[in-house]
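What follows is a set of notes on a single structure, which appears directly below.
Positions are given from 1 along the sequence.
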Amino acid sequence: MIMSSVKIECVLPENCRCGESPVWEEASNSLLFVDIPAKKVCRWDSLSKGVQQVTVDAPVSSVALRQSGGYVATIGTKFCALNWEDQSVAVLATVDKDKKNNRFNDGKVDPAGRYFAGTMAEETAPAVLERHQGSLYSLFPDHHVEKYFDQVDISNGLDWSLDHKIFYYIDSLSYSVDAFDYDLQTGKISNRRSVYKLEKEEQIPDGMCIDAEGKLWVACYNGGRVIRLDPETGKRLQTVKLPVDKTTSCCFGGKDYSEMYVTCARDGMDAEKLLQQPQAGGIFKITGLGVKGIPPYPYAG
């Protein structure tokens, strides 16, 4: 594959304070994403180029499709259902009730329709926070919640291997992409291990997605790039640099899932940096990667 075929464009100059959780919705040819501190869930129509948004009452850190219609989202420390038509939010479950300073961060639905999401302490500045306050949870289709482990710093990127036997997960401040054995039937995870340690210039691992070849793509916060990893060999296969530093997450979408969408942030950048990176907080589209993604799973509850 010739690298020069890779094309990067800012398709939506949105000025997100902290854009996150891009999810492709095939039915509407749209990209869903959130702006965490702005408390907004957004939907960008790739055909009309219009953006719709719903504002909620707490930081919203991830959004996912819902099988029965509408969406689910992690808002504050709550798993919620989001009705797009009337902009209403219904709470499905609450976590971390004893930790008033916590909020959810990244979340994603597993192949069986469970909504996985982890928490963290609210930041005093980007990536500056009280350590070990977070946990990883999953909201099952019957709305009960299971907790997997605690002592998490910044719960972040997550996805599942193509055979559904491995769960990949990032706790950002460990600078590592980890793998667990995964039991799709029960949703249980075990045998944690690191499959990739980030290099210094790659900075902080953030959101993540898997491609149709089983390789992982990780957005590097402060690193201005997405990297492609082989979780079996632990090798980095490709680096795609973006014109913004605070890349936060990535997903595949578009026609046949051959496009990659990348979210980023502008919070924590001074005036000079913002002048140098006017597209910070925008939504980027990368084409020509020569690899496709897989459709997102919808929450089954």
Side-chain angles (χ1 to χ4, degrees), residues 1 3-38 40-55 60-65 71 73 84 106 108 157 159 206-212 217-228 238-267 269 273-296:
M1 182 192 131
M3 302 303 274
S4 61
S5 61
V6 174
K7 181 179 157 210
I8 300 166
E9 55 181 318
C10 181
V11 290
L12 182 62
E14 185 66 8
N15 285 350
C16 287
R17 288 179 56 193
C18 184
E20 262 285 5
S21 185
V23 180
W24 186 255
E25 182 176 45
E26 208 172 315
S28 64
N29 285 296
S30 298
L31 183 77
L32 291 157
F33 61 95
V34 302
D35 184 346
I36 301 178
K40 286 195 300 209
V41 182
C42 306
R43 186 169 75 183
W44 174 71
D45 185 318
S46 66
L47 306 178
S48 75
K49 311 296 185 208
V51 185
Q52 296 175 301
Q53 50 192 45
V54 171
T55 303
V60 53
S61 58
S62 74
V63 62
L65 309 178
Y71 309 111
W84 197 259
D106 209 351
K108 194 171 280 181
D159 218 328
D206 200 327
M208 168 169 64
C209 69
I210 199 162
D211 66 29
W217 291 82
V218 178
C220 299
Y221 183 83
N222 285 343
R225 66 191 74 188
V226 290
I227 55 175
R228 187 182 191 222
Q238 190 177 347
T239 299
V240 180
K241 295 198 172 168
L242 284 91
V244 289
D245 285 341
K246 293 186 180 292
T247 36
T248 55
S249 192
C250 51
C251 79
F252 285 93
K255 190 175 155 31
D256 62 23
Y257 293 90
S258 63
E259 303 165 347
M260 174 174 279
Y261 288 90
V262 180
T263 51
C264 63
R266 56 192 286 127
D267 267 13
M269 296 173 70
K273 261 276 187 269
L274 288 169
L275 279 175
Q276 291 165 3
Q277 301 182 14
Q279 297 170 318
I283 304 292
F284 289 83
K285 178 170 87 171
I286 305 175
T287 48
L289 288 172
V291 63
K292 292 176 179 174
I294 60 172

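- Summarising the geometry of Tyr261 relative to Gly254, their closest heavy-atom pair is CE1-N, 4.0 Å, with the distance given to 0.1 Å.
- Side-chain N or O atoms of Gln279 include none that pairs as donor or acceptor with a backbone N or O of Pro243 at under 3.5 Å.
- How far CZ of Arg225 is from SG of Cys250: 14.0 Å, rounded to the nearest 0.5 Å.
- Separation of atoms CG (Asp211) and OG (Ser258) is listed at 12.5 Å; rounding is to 0.5 Å.
- Side chain of Asn29 to backbone of Leu47: no donor-acceptor contact under 3.5 angstrom is found.
- Closest non-hydrogen pair, Val244 versus Gln277, comes out as CA-OE1, 3.3 Å.
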After noting the C-alpha distance and the side-chain angles of Cys251 and Val23, does the key distance pass the side chain to side chain contact (heavy atoms under 4.5 Å, CB included) rule? CA-CA 6 Å; Cys251 79; Val23 180; 5.6 Å; no
Would Thr263 and Thr248 satisfy side-chain hydrogen bond (donor to acceptor under 3.5 Å, both in side chains), going step by step from the backbone distance to the final call? CA-CA 6 Å; Thr263 51; Thr248 55; 2.7 Å; yes
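- A perpendicular orientation is assigned to the rings of Trp84 and Tyr71, their planes being inclined by more than 60° (bins at 30° and 60°).
- For the atom pair CZ (Arg228) and CG (Leu289), the distance works out to 8.5 Å, reported to the nearest 0.5 Å.
- How far NZ of Lys273 is from NZ of Lys246: 9.0 Å, rounded to the nearest 0.5 Å.
- Rounded to the nearest 0.5 Å, atoms CH2 (Trp24) and OG (Ser30) are 6.5 Å apart.
- Taking 4.5 Å as the limit, every side-chain heavy atom of Cys16 sits out of range of all side-chain heavy atoms of Lys40.
- Of the possible donor and acceptor atoms, none in the side chain of Ser21 sits under 3.5 Å from a partner among the backbone N and O of Val34.
- Taking each heavy atom of Ala38 and Thr55 in turn, the nearest pair found is O-CG2, 4.3 Å.
- Annotation: the span from Cys264 atom SG to Glu20 atom CD amounts to 10.5 Å, rounded to 0.5 Å.
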Show, in sequence, the C-alpha distance, side-chain angles and deciding distance for Thr247 and Asp206, and conclude whether the side chain to side chain contact (heavy atoms under 4.5 Å, CB included) test is met. CA-CA 8 Å; Thr247 36; Asp206 200 327; over 6 Å; no
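- Taking both residues in full, the closest heavy atoms of Ala219 and Ser249 are given as CB-N, 3.4 Å, listed atom of the first, atom of the second, then distance.
- Shown here is Lys292, whose NZ atom has no more than 12 heavy atoms of other residues, nucleotides or ligands within 6.0 Å.
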From CA spacing to verdict: side chain to side chain contact (heavy atoms under 4.5 Å, CB included), Val262, Met260: CA-CA 7 Å; Val262 180; Met260 174 174 279; 4.0 Å; yes
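- Closest of all the heavy-atom pairs between Ala265 and Tyr221 is CB-CE1, 4.4 Å.
- Between Phe33 and Trp44, the ring centre distance reaches or exceeds 6.0 Å.
- Contact check for Ile283 versus Pro22: no side-chain heavy atoms found under the 4.5 Å cut-off.
- The two atoms that bring Met269 and Ala280 nearest to each other are SD-CB, 3.8 Å, heavy atoms only.
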Could you please spell out the steps behind the side chain to side chain contact (heavy atoms under 4.5 Å, CB included) verdict for Ile286 and Val226? CA-CA 10 Å; Ile286 305 175; Val226 290; 4.1 Å; yes
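- Salt-bridge formation is not detected for the pair Arg17/Asp35: no Lys NZ or Arg NE/NH1/NH2 atom is positioned less than 4.0 Å from an Asp or Glu carboxylate oxygen.
- Heavy-atom neighbours of Lys255 NZ from other residues, nucleotides or ligands within 6.0 Å: at or below the threshold of 12.
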